[in-house]
Engineer: 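One structure, pasted below without further comment.
Basis for what follows: all heavy atoms, side chains included, without hydrogens, waters or symmetry-related copies. Just so you know, these numbers come straight off a predicted model, no measurement behind them.
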Amino acid sequence: MIDIEFVQALIRMLDESSLDNLELRRGGTRIRLSKSPGGTAVVAEAAPVRSLTDNSSPPSSTALPAPPEASPAAPSPPVAAAPATGLTDITSPMVGTFYRAPSPEADPYVEVGGTVAAGDVLCVIEAMKLMNELECEVAGRIVEICVENAEPVDFGQVLFRVDPA
């Protein structure tokens, strides 16, 4: 379910920015906003996506990063191959705070050297008052955890490096 205040904050941020289009996927829902005369705001149910967003601070015009491309229909995938090393980079699908465990007293989801299967939860990213579980897209072994617990992360920032099985 989409929080109307969240959508209104997105609209305000888009109005105040130099961006023309904005697309966001959250919990199986896709929100697409456009300033262009032919564009309309669209909220459509999509295939289930396990990553959501949460941040304890109220939205501001600096909360959204500039998209890597002008086209909102081509968001960057959360997994990108690192061809030079043969490793797969798992990147952040959003701006937020990186957490290795579901709670401060819980064990981390994964450790360096541990094996993961496709669909295993790797971490939680807190953004826009939502906790988003980031699932692994490939099976393999965790080679590197690139971010410290409770650190802020940017869209597209490498979080994990996985050696595919």
Engineer: What's the separation between atom CE in M131 and atom OG1 in T97, rounded to the nearest 0.5 Å?
Structural biologist: 8.5 Å
Engineer: Would the distance check show the side chain of N149 and the main-chain N or O of R100 forming a donor-acceptor pair, the cut-off being under 3.5 Å?
Structural biologist: yes
Engineer: Could you go step by step and tell me if L122 and L159 meet the side-chain contact (heavy atoms from CB on, under 4.5 Å) rule?
Structural biologist: CA-CA 9 Å; L122 298 173; L159 304 176; over 6 Å; no
Engineer: I need the minimum non-hydrogen distance between S92 and I125, along with the two atoms involved.
Structural biologist: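 So the two residues come closest at OG-CD1, 3.5 Å.
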Engineer: Quick check: closest heavy atoms across I142 and I145, and the distance to 0.1 Å?
Structural biologist: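 So the two residues come closest at CG2-CG1, 4.0 Å.
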Engineer: Compare every heavy atom of R141 with every heavy atom of G113, then report the nearest pair and how far apart it is.
Structural biologist: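 Result for this residue pair: O-CG, 3.5 Å.
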Engineer: Which heavy atom of Q157 sits nearest to which heavy atom of P152, and what is that distance?
Structural biologist: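 Result for this residue pair: OE1-O, 4.2 Å.
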Engineer: Between E133 and V121, which heavy-atom pair has the shortest distance, and what is it?
Structural biologist: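 Smallest interatomic distance, heavy atoms only, reads OE1-CG2, 3.7 Å.
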Engineer: Compare every heavy atom of A101 with every heavy atom of A106, then report the nearest pair and how far apart it is.
Structural biologist: O-CB, 3.5 Å
Engineer: State which residues pass salt bridge (charged side-chain N to carboxylate O under 4.0 Å, His left out) with E151; sequence neighbours excluded, sorted by chain then number.
Structural biologist: none
Engineer: Hey, any chance V158 and V110 share a hydrophobic cluster, counting ILVMFWY side chains that come within less than 4.5 Å of each other, even indirectly?
Structural biologist: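 No, separate clusters.
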Engineer: Going hydrophobic residue to hydrophobic residue with side-chain gaps under 4.5 angstrom, can you get from V138 over to F160?
Structural biologist: yes
Engineer: Using a cut-off of 6.0 Å, state whether more than 12 heavy atoms not belonging to E148 lie near its atom CD.
Structural biologist: no
Engineer: Evaluate the side-chain proximity of Y109 to D120: yes if any heavy-atom separation is below 4.5 Å, no if none is.
Structural biologist: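 No - every pair of side-chain heavy atoms lies 4.5 Å or more apart.
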